[in-house]
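Values reported hereafter were calculated over all heavy atoms of this structure, with side chains retained and with hydrogens, waters and symmetry mates removed. Atoms within each ligand, like the ligands themselves, are counted from 1 in listed order.
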Amino acid sequence: MLRALYDAARKTLDPVHYDYVAGGAGEERVVAGNEGAFDRYALLPRVLCGSEVRDTAVDLPGARRAAPVVVAPTAFHRLLHPGGERATARAAAAEGAVLVTGTAATTAVADVVAAAREAAADPAVWFQLYLHPRREVTEALVRRAERAGCTALVVTVDSPVFGRHTRDLRNGFTDLPPGYAAENMRGLPGAPPDGLTDIPMSPSLSWRDLGELLHMTSLPVLVKGVLHPADATVAVEHGAAGVIVSNHGGRQSDAVPAAVDCLPAVARAVAGRVPVLLDGGIRRGSDVAVALALGAAAVGVGRPAVWGLAAEGEAGVRAVLRTLCDEYDHTLALCGGRRNTDLARDMVVRKGETW
Ligand SMILES: Cc1cc2nc3c(=O)[nH]c(=O)nc-3n(C[C@H](O)[C@H](O)[C@H](O)COP(=O)(O)O)c2cc1C
Ligand SMILES: CC(C)CC(=O)C(=O)O
């Protein structure tokens, strides 16, 4: 069913915009590797221990949600569908999923939260942030997110420099077309007056900047883009409220492991102190189950939500979320589980290997 939505997105989108979403860095080995990694894992069910009633709820920073699927931050929704980030926000809220909006949204965060509130009484919108080398710019973004009513911040740390997206370079897609802007950057100190994509990235950022961010806000802060277990430990020691294992959907380095292959070591390092999330390559409910069994509390979906948006707007994003969550619940039942935590590490094996 989702295949049809993805095909519809491909048909609908301007090919340059399609390439922006589908593509990644370098030869796109990591884009392919993220999805391919799930094909190497298999689930080993337990039997005669299930339940008619399953509870897939999860406690995340600033939000208890009914299912462990989060909409990962992706840029430029208005470019991909006229409904833009408002449509995504309504869909996520209606399906009870966390939406991560962010610095590169083409709709201001206050409008995104307002749209979510139209669709549900208690939505959860998090704000993804690229730290700016100028502290006052970061602080201005944080205040915008706080004032809007976001319940957590997500700081992306895998982007010291822009990724080299091969297809975008080939297509000459290096900035938003006229009429679109990264609205959250509008009017910030140092931003150009038209507010165009002045997304901050700097290789001189350090853990010290994360420390400053944590002092700047009382919102929980999740650190996104961690692959090395030692970095997960440092993030938790600094006070991160969550760690997101992610390689940015293969859009930054094309030489990193598949995200899910990094998850077990990060989960071991974090040792339950804060929730660990995983994004990259989640395409079906059984992928969600594998990630949870390997130590994730929840997963993020980037491209699947965007394909849903491009194909059918709000209804398309809802269909993607509903399908993934329904497939996940069905997989949980097939594994003999009653709740997410029943998916234990010993229930995942590498295909073709004995244990
Ligand atoms: C079109 C697109 C735009 C993205 N924009 C951002 C962004 O602005 N900030 C960020 O932290 N991650 C961004 N990401 C990465 C996603 O948050 C997420 O890590 C990735 O998409 C997960 O992989 P998946 O697409 O296989 O689900 C983007 C990904 C895509 C596909
Ligand atoms: C505007 C970009 C910084 C958004 C992004 O993170 C991406 O395209 O992967």
**Prompt:** So, Arg318 and Glu95, do they make that salt bridge, N to O below 4.0 Å?
**Reply:** yes
**Message:** As an exercise, identify every atom of ligand 2 less than 4.0 angstrom from a heavy atom of Tyr20.
**Reply:** 4 (C), 7 (C), 8 (O)
**Message:** Looking only at distances, can you tell me whether any N or O atom of Gly281, backbone or side chain, sits closer than 3.5 Å to an N or O atom of ligand 1?
**Reply:** yes
**Request:** List the steps, then state whether side chain to side chain contact (heavy atoms under 4.5 Å, CB included) holds for Glu27 with Asp254.
**Result:** CA-CA 7 Å; Glu27 294 166 35; Asp254 197 29; 3.8 Å; yes
**Message:** Just checking Lys351: does its NZ atom have more than 12 heavy atoms from other residues, nucleotides or ligands closer to it than 6.0 angstrom?
**Reply:** yes
**Message:** Does atom CZ (Arg46) have a neighbourhood of more than 12 heavy atoms from anything else shown, all under 6.0 Å?
**Reply:** no
**Message:** Could you report the tightest heavy-atom contact between Val137 and Leu188, atom names first, then the distance?
**Reply:** CG1-CD1, 4.0 Å
**Item:** Interfacing atoms of ligand 2 (cut-off 4.0 Å, heavy-atom, Phe76)
**Value:** 1 (C)
**Prompt:** Taking the minimum heavy-atom distance to atom 15 (C) of ligand 1, which of Arg303, His17, His248, Gln128 ranks first?
**Reply:** His248
**Prompt:** What part of Arg251, side chain, backbone, both or neither, has a heavy atom within less than 4.0 angstrom of ligand 1?
**Reply:** side chain
**Asked** How many angstroms lie between atom CG of Asp158 and atom CZ of Arg251, to the nearest 0.5 angstrom?
**Response** 11.0 Å
**Request:** Show which atoms of ligand 1 fall inside a sub-4.0 Å distance from at least one heavy-atom site of Ser246.
**Result:** 19 (O)
**Fill in**
Closest heavy-atom approach to atom 22 (C) of ligand 1 among Leu278, Asp287, Leu79, Asp279 is made by Asp279
**Fill in**
Arg135 meets the salt bridge (charged side-chain N to carboxylate O under 4.0 Å, His left out) criterion, sequence neighbours left out, with Glu139, Glu212
**Fill in**
Counting from 1 in the order shown, the ligand 2 atoms closer than 4.0 Å to a non-hydrogen atom of Ala75 are 4 (C)
**Message:** Tell me the nearest of Gly24, Gly302, Ala104, Gly280 to atom 23 (O) of ligand 1, using heavy-atom distances.
**Reply:** Gly280
**Request:** Might you confirm whether atom CZ of Arg64 has over 12 heavy atoms from other residues, nucleotides or ligands at distances under 6.0 Å?
**Result:** yes
**Request:** Run the numbers for me: atoms of ligand 1, each under 4.0 Å from some heavy atom of Thr156, listed by number.
**Result:** 10 (C), 11 (O)
**Qualifying residue, where the test is side-chain contact (heavy atoms from CB on, under 4.5 Å) with Leu277 and the options are Val245, Leu60, Val58** = Leu60
**Item:** The one among Trp307, Phe76, Tyr130 that brings a heavy atom closest to atom 7 (C) of ligand 1
**Value:** Tyr130
**Asked** Which atom names give the shortest non-hydrogen contact between Val98 and Arg65, and what distance separates them?
**Response** CG2-CG, 3.7 Å
**Asked** Identify the closest protein heavy atom to atom 3 (C) of ligand 1: which residue and atom is it, and at what distance?
**Response** Ala75 N, 3.4 Å
**Prompt:** Shortest non-hydrogen contact from Gly295 to Val276?
**Reply:** O-CB, 4.0 Å
**Asked** Which atoms from ligand 2 have a heavy atom of Arg251 less than 4.0 Å away?
**Response** 7 (C), 8 (O), 9 (O)
**Item:** Heavy atom of the protein closest to atom 26 (O) of ligand 1 (residue, atom name, distance)
**Value:** Arg283 NH2, 2.7 Å
**Request:** Could you tell me which atoms of ligand 2, counted from 1 in the order shown, lie closer than 4.0 angstrom to a heavy atom of Met201?
**Result:** 3 (C)
**Fill in**
To atom 28 (C) of ligand 1, the nearest of Gly249, Ala22, Pro73 on a heavy-atom basis is Pro73
**Item:** Which atom of Gly300 lies closest to which atom of Ile282, heavy atoms considered
**Value:** O-CG1, 4.0 Å
**Complete:** If you scan protein heavy atoms around atom 12 (N) of ligand 1, the nearest is Lys224 NZ, 3.0 Å
**Request:** Pick whichever of Leu80, Thr74, Val21 has a heavy atom sitting closest to atom 4 (C) of ligand 1.
**Result:** Thr74
**Asked** Where on Gln252 is there a heavy atom closer than 4.0 Å to ligand 2, on the side chain, on the backbone, on both, or on neither?
**Response** neither
**Where at least one partner belongs to residues 98-110, residue pairs that pass side-chain hydrogen bond (donor to acceptor under 3.5 Å, both in side chains), sequence neighbours excluded** = Glu85-Thr106, Glu85-Thr107
**Asked** Does any N/O atom on His248 come nearer than 3.5 Å to any N/O atom on ligand 2?
**Response** yes
**Request:** Looking only at distances, please establish whether an N/O atom of ligand 1 is found under 3.5 Å from an N/O atom of Tyr20.
**Result:** no
**Message:** Give the atom numbers and elements of ligand 1 that come within less than 4.0 Å of a heavy atom of Ala72.
**Reply:** 17 (O)
